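Following: one structure in structure tokens, then a few remarks.
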Amino acid sequence: MTSIYKSSQAQQDVRRGCLDRIARWAIPCTRREIATSAGRTSTLTAGPESDSRSPCVVLLPGTNMGAAQCLAAAEVLARVRRVTVVDLPGQPGLSTQQRPRSRRMDWYGRWLGEVLAQIGKGPVVLVGHSLGGAVALAGGSPRVIGRVILSSAGVTRLKVTIPVMAATLPWLLRPSVPRAARLLRHMSDPGHVPSSDLCVWMDLVARSCRTSLSPSPLPSAVLDQRRRQPILAVVGGGDPFLPPETLVPAPRRRLGTKRRVMDGAGHLLLEEKPDEVCTLVEEFCAGLRQH
């Protein structure tokens, strides 16, 4: 096992930044930490109580993100539905710092099953962004009735373009808020301006954390199991890692589902288009009730 953080002070800095951001959130919420075999896991829950027929949403953030960076989307979801945002272990945030050296997605899949067994009751729709999408696909639980995967890893290999790499290296080697903003602009649609909070966060991540690579595509046997349940795959029209013109066929081929392309968005769908994403999630949940 290895730690995501460069030092204990770095971990404290990240934790303080997340807790401060959540404390400033105007939405009534409950944060708790639960025990899993992977370590302590932080969850943040908001929205009305779910009944036995209406699924709650469990939101799994992407690489370098946690619940504190998904509050805009969580707020929209919480207006109509119970939502729990879970910080992934081994990622910057409020969960355990440790991550495995090998078989990472098997490890995340087991962890997710343990988390779902301890939060709430009734049916669950998993919503995962990027790395969180791969985790949503890796995890099996009898509570899960559907999955929405956003700019998701785990289905096909993510592409790293030369401009993104050219922005990533200075951000890692000489962190600053402007360099973080430059990287985020390359990850977003050209018309989107990254929020100042996210730029400050990504600067903190570069200063405090070791790099975390995206996972390889999940084994066909795992994806074949997921085909048995409804899946909605969404990608931004300007996503540099998953360009629609070349990677749209992957979900149909490997998961038996079409991929929806969201115009005016890049890779950071939860940051760029929280209202539109949440509308798709709500439509997906409503469709499940009709079956």
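Values in this document were obtained by computation on a predicted structure and should not be read as measured data.
- Gln69 contributes no side-chain N or O that, together with a main-chain N or O of Gly93, makes up a donor-acceptor pair within less than 3.5 Å.
- Closest non-hydrogen pair, Ile145 versus Pro123, comes out as CD1-CB, 3.7 Å.
- Scanning for side-chain hydrogen bond (donor to acceptor under 3.5 Å, both in side chains) contacts around Gln229 gives Arg147, with sequence neighbours left out.
- The minimum heavy-atom distance between Ala46 and Ile27, with the atom names listed, is CB-CG2, 4.1 Å.
- Taking the side chain as every heavy atom from C-beta outward, Val277 and Leu270 approach each other to under 4.5 Å.
- Between His267 and Ser130, some side-chain heavy-atom pair lies under the 4.5 Å cut-off.
- Applying the side-chain hydrogen bond (donor to acceptor under 3.5 Å, both in side chains) rule to Thr41 yields the partners Trp111; only residues at least two apart in sequence or on another chain are considered.
- The OG1 atom of Thr63 sits 9.0 Å away from the CZ atom of Phe241 when rounded to the nearest 0.5 Å.
- Tracing side-chain contacts under 4.5 Å through hydrophobic residues (I, L, V, M, F, W, Y), one reaches Met65 starting from Leu242; they form part of the same cluster.
- Nearest approach of Leu44 to Cys29, heavy atoms of both residues: CD1-SG, 3.7 Å.
- Although no hydrogens or angles enter the test, the distance criterion places a donor-acceptor pair under 3.5 Å between the side chain of Asp203 and the main chain of Ser176.
- Criterion: ILVMFWY side-chain heavy atoms under 4.5 Å apart, direct or through other members. Under it, Leu184 and Leu158 are part of a common hydrophobic cluster.
- The two residues Ala74 and Val85 make their nearest non-hydrogen contact at CB-CG2, 3.9 Å.
- Here the side chain of Arg99 pairs no donor or acceptor atom with the backbone of Gln91 at under 3.5 angstrom.
- Using a 4.5 Å heavy-atom threshold, the side chains of Ile34 and Arg40 count as separate.
- Considering only heavy atoms from C-beta on, Ile22 stays 4.5 Å or farther from Asp20 through its side chain.
- Between the SG atom of Cys18 and the CZ atom of Arg16 there is a distance of 11.0 Å, given to the nearest 0.5 Å.
- Shortest non-hydrogen contact noted between Gln118 and Arg32 is O-NH1, 3.1 Å.
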Next on the checklist: Pair Val125, Arg81 - check side-chain contact (heavy atoms from CB on, under 4.5 Å), show working.
Outcome noted: CA-CA 11 Å; Val125 168; Arg81 189 173 298 277; over 6 Å; no
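- At a threshold of 4.5 Å between side-chain heavy atoms, the hydrophobic network of Ile, Leu, Val, Met, Phe, Trp and Tyr places Leu218 and Leu60 in one connected group.
- The line from OG1 of Thr168 to CZ of Arg179 is 13.0 Å long, rounded to the nearest 0.5 Å.
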Checklist entry - Would Val58 and Val127 count as a side-chain contact (heavy atoms from CB on, under 4.5 Å) if you check the C-alpha gap in whole Å, the side-chain angles of each, and the deciding distance to 0.1 Å? => result CA-CA 6 Å; Val58 173; Val127 178; over 6 Å; no
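- Using a 4.5 Å heavy-atom threshold, the side chains of Ile149 and Val234 count as separate.
- A donor-acceptor pair under 3.5 Å links the side-chain atoms of Ser95 to the main chain of Asp87, judged by distance alone.
- Looking at heavy atoms from C-beta onward, Lys6 lies out of side-chain contact with Cys209 at the 4.5 angstrom threshold.
- Considering OH of Tyr108 and CZ of Arg103, their distance stands at 15.5 Å, rounded to 0.5 Å.
- For the pair Tyr5 (side chain) and Pro92 (backbone), a donor-acceptor distance under 3.5 Å is absent.
- The pair Arg31-Glu33 meets the salt-bridge criterion, with a side-chain N (NZ, NE, NH1 or NH2) lying under 4.0 Å from an Asp/Glu carboxylate O.
- In this structure, Met187 and Glu272 approach most closely via the heavy-atom pair O-OE2, 4.2 Å.
- Counting only N and O atoms by type, the side chains of Ser37 and Glu114 include a donor and acceptor under 3.5 Å apart.
- Contact of the Val155 side chain with the Pro217 side chain is not registered, since no non-hydrogen atoms from C-beta on lie closer than 4.5 Å.
- Between the side chains of His129 and Ser151, not a single donor N or O lies within less than 3.5 Å of an accepting N or O.
- Under the 4.5 Å side-chain heavy-atom criterion for ILVMFWY residues, a single connected hydrophobic cluster contains both Leu172 and Leu204.
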Item to check | Stepwise side-chain contact (heavy atoms from CB on, under 4.5 Å) test for Met105 and Val135 | outcome: CA-CA 7 Å; Met105 298 317 298; Val135 175; 3.8 Å; yes
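- Looking at Arg210, its side chain does come within 3.5 Å of a backbone N or O of Ser3 through a donor-acceptor pair.
- No chain of hydrophobic side-chain contacts below 4.5 Å, direct or via other Ile, Leu, Val, Met, Phe, Trp or Tyr residues, connects Val80 to Leu126.
- Under a 3.5 Å cut-off, the side chain of Arg207 and the backbone N or O of Pro175 do form a donor-acceptor pair.
- Using a 4.5 Å heavy-atom threshold, the side chains of Trp171 and Arg182 count as separate.
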Next on the checklist: Run the side-chain contact (heavy atoms from CB on, under 4.5 Å) test on Leu268 and Asp239 for me, step by step, so that the C-alpha distance in whole Å, both residues' side-chain angles and the decisive distance to 0.1 Å come before the verdict.
Outcome noted: CA-CA 8 Å; Leu268 305 175; Asp239 192 326; over 6 Å; no
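- Neither side chain, Ser208 nor Asp13, offers a donor N or O lying under 3.5 Å from an acceptor on the other.
- Judged purely by atom type and a 3.5 angstrom limit, Arg185 has no side-chain atom pairing as donor or acceptor with the backbone of Pro194.
- In this structure, CG on Leu59 lies 10.0 Å from CG on Leu71, to the nearest 0.5 angstrom.
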